[in-house]
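Working notes, beginning with the structure itself.
Note that this is a predicted model, so its numbers are computed, not measured.
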Amino acid sequence: ILDKAVEAVAAERATLFLVNDAGPVPELSVCLSRGKDQSAHKEQMRKLSVPVDDSSVAGSVAKSGISVVVADAYDDKRFNREVDAQTGFRTKSIVCVPLTGSGGTVVGVLQAVNRRDGSCFSPSHCLSLERFAAVGGALVQRLRLVLALQEAQRRAEEMLVLMRDIPAEAAREGTSGVVKAIIRTAYRMLECERVTLLLEDPVTKDLVIQESKDAMGVIVPRGKGLAGFAAAAGRFINIADAHDDKRFDPATDRRTHFRT
């Protein structure tokens, strides 16, 4: 799609951004980039990400869901000059269109820059790019659905393995065997660096760390810290940066030199 889009509007370069909303702030990440001198700066482009806001042309289109044609990039306050400065490429004109899925959800942005003959992009070029974007948006949304289903299936299979292993572990090692089976499964499912299991003391209702690399036996008062809050609230929490959350206690990080 990207290669054909470049040819359809006779652009020097084109970039496909995809919306990444896994973090606290939605971002656009480069998925593919094609065109003039791209191989020399492939790694820089691959790492490029921009927020979904008005600080860039692509971010503005992702935010509004409205296509734009920019005759002179350097006269547009949304244009981010940093990429040109890093790559030595001179952006002149831009046409940028949203990739939308069902319900009008913006899943990405398709951006082409600089016509090869030096002229500016026109509304007809914008329409041409929107046709490619319509196909691309549907494909991206479908692919994400397939990947989500595959991940859900993988997690379900991991849980089945855990449920199968628990009776054997309990018979062989008692509670400690069950704890180890849960920790082992959590590492596989979440692909994380560390897993800590805390169990509630039936008398005090505090949490006691049962399995951890460096905090075995530590007592966490109910309602204190992230784990204590989750236990008291009875719901899960997902935090991008623990150190930005006032409920997080950094004492263990300081003691172990680990960064949560």
> Do the numbers put R194 on top of the ring of F258, so that NZ or CZ is under 6.0 Å from the six-membered ring centre and no more than 45° off the axis?
Replying inline: yes
Do [X] and [Y] come close enough that some side-chain heavy atom pair is under 4.5 Å?
X	Y	result
D253	F248	yes
T100	T105	no
L99	L16	yes
L198	V208	no
K63	D54	yes
R78	V70	yes
H243	P250	yes
P98	S67	yes

>> Quick one, V107 with V19, criterion side chain to side chain contact (heavy atoms under 4.5 Å, CB included). Give me CA distance, side-chain angles, the key distance, then yes/no.
In response: CA-CA 5 Å; V107 297; V19 174; 5.5 Å; no
What closest approach, in Å, do [X] and [Y] show between heavy atoms, and which atom pair accounts for it?
X	Y	answer
A58	V109	O-CG2, 3.6 Å
L110	A133	CD2-N, 4.4 Å
I94	Q111	CG2-CG, 3.8 Å
C96	V57	CB-CG1, 4.0 Å
A231	R222	O-NH2, 3.2 Å
A5	L129	CB-CD1, 3.8 Å

Grouping I, L, V, M, F, W and Y whenever their side-chain heavy atoms are under 4.5 Å apart, do [X] and [Y] come out in a common cluster?
X	Y	answer
V50	V30	yes
I66	V69	no
F79	V52	yes
L18	L139	yes

Rounded to the nearest 0.5 Å, how far does [atom2] of [Y] lie from [atom1] of [X]?
X	Y	atom1	atom2	result
S55	K77	OG	NZ	12.0 Å
T15	L28	OG1	CG	11.0 Å
T196	L226	OG1	CG	11.5 Å

> Does the pair F229 and R235 meet the rule for a side chain to side chain contact (heavy atoms under 4.5 Å, CB included), with working shown?
Replying inline: CA-CA 9 Å; F229 174 83; R235 60 185 177 87; 3.5 Å; yes
Measure from the side-chain N and O atoms of [X] to the backbone N and O of [Y], and report whether any donor-acceptor pair falls under 3.5 Å.
X	Y	value
D206	I219	no
N114	S93	yes
R115	V9	yes

> Can K92 and D75 be said to form a salt bridge (charged side-chain N to carboxylate O under 4.0 Å, His left out), step by step?
Replying inline: CA-CA 10 Å; K92 299 173 185 175; D75 282 344; over 6 Å; no
> Is any side-chain N of the basic residue among D84 and R90 closer than 4.0 Å to the acidic one's carboxylate O?
Replying inline: no
>> Checking side-chain polar atoms at under 3.5 Å, does S56 have a donor or acceptor matched by the opposite partner on N80?
In response: no
>> Do S128 and H125 pair up side chain to side chain, a donor and an acceptor below 3.5 Å, judged on atom types alone?
In response: no
> Would E12 and R34 satisfy salt bridge (charged side-chain N to carboxylate O under 4.0 Å, His left out), going step by step from the backbone distance to the final call?
Replying inline: CA-CA 8 Å; E12 289 186 347; R34 293 286 188 274; over 6 Å; no
> Stepwise, does the side chain to side chain contact (heavy atoms under 4.5 Å, CB included) test hold for D201 with L207?
Replying inline: CA-CA 6 Å; D201 185 300; L207 301 177; over 6 Å; no
>> Could you go through V113 and F89, starting from their C-alpha distance and side-chain angles, then the distance that decides it, and tell me whether this counts as side chain to side chain contact (heavy atoms under 4.5 Å, CB included)?
In response: CA-CA 11 Å; V113 301; F89 182 81; 4.0 Å; yes
> If you draw a 6.0 Å radius around CD in E82, do more than 12 non-hydrogen atoms from other residues or ligands fall strictly inside?
Replying inline: no
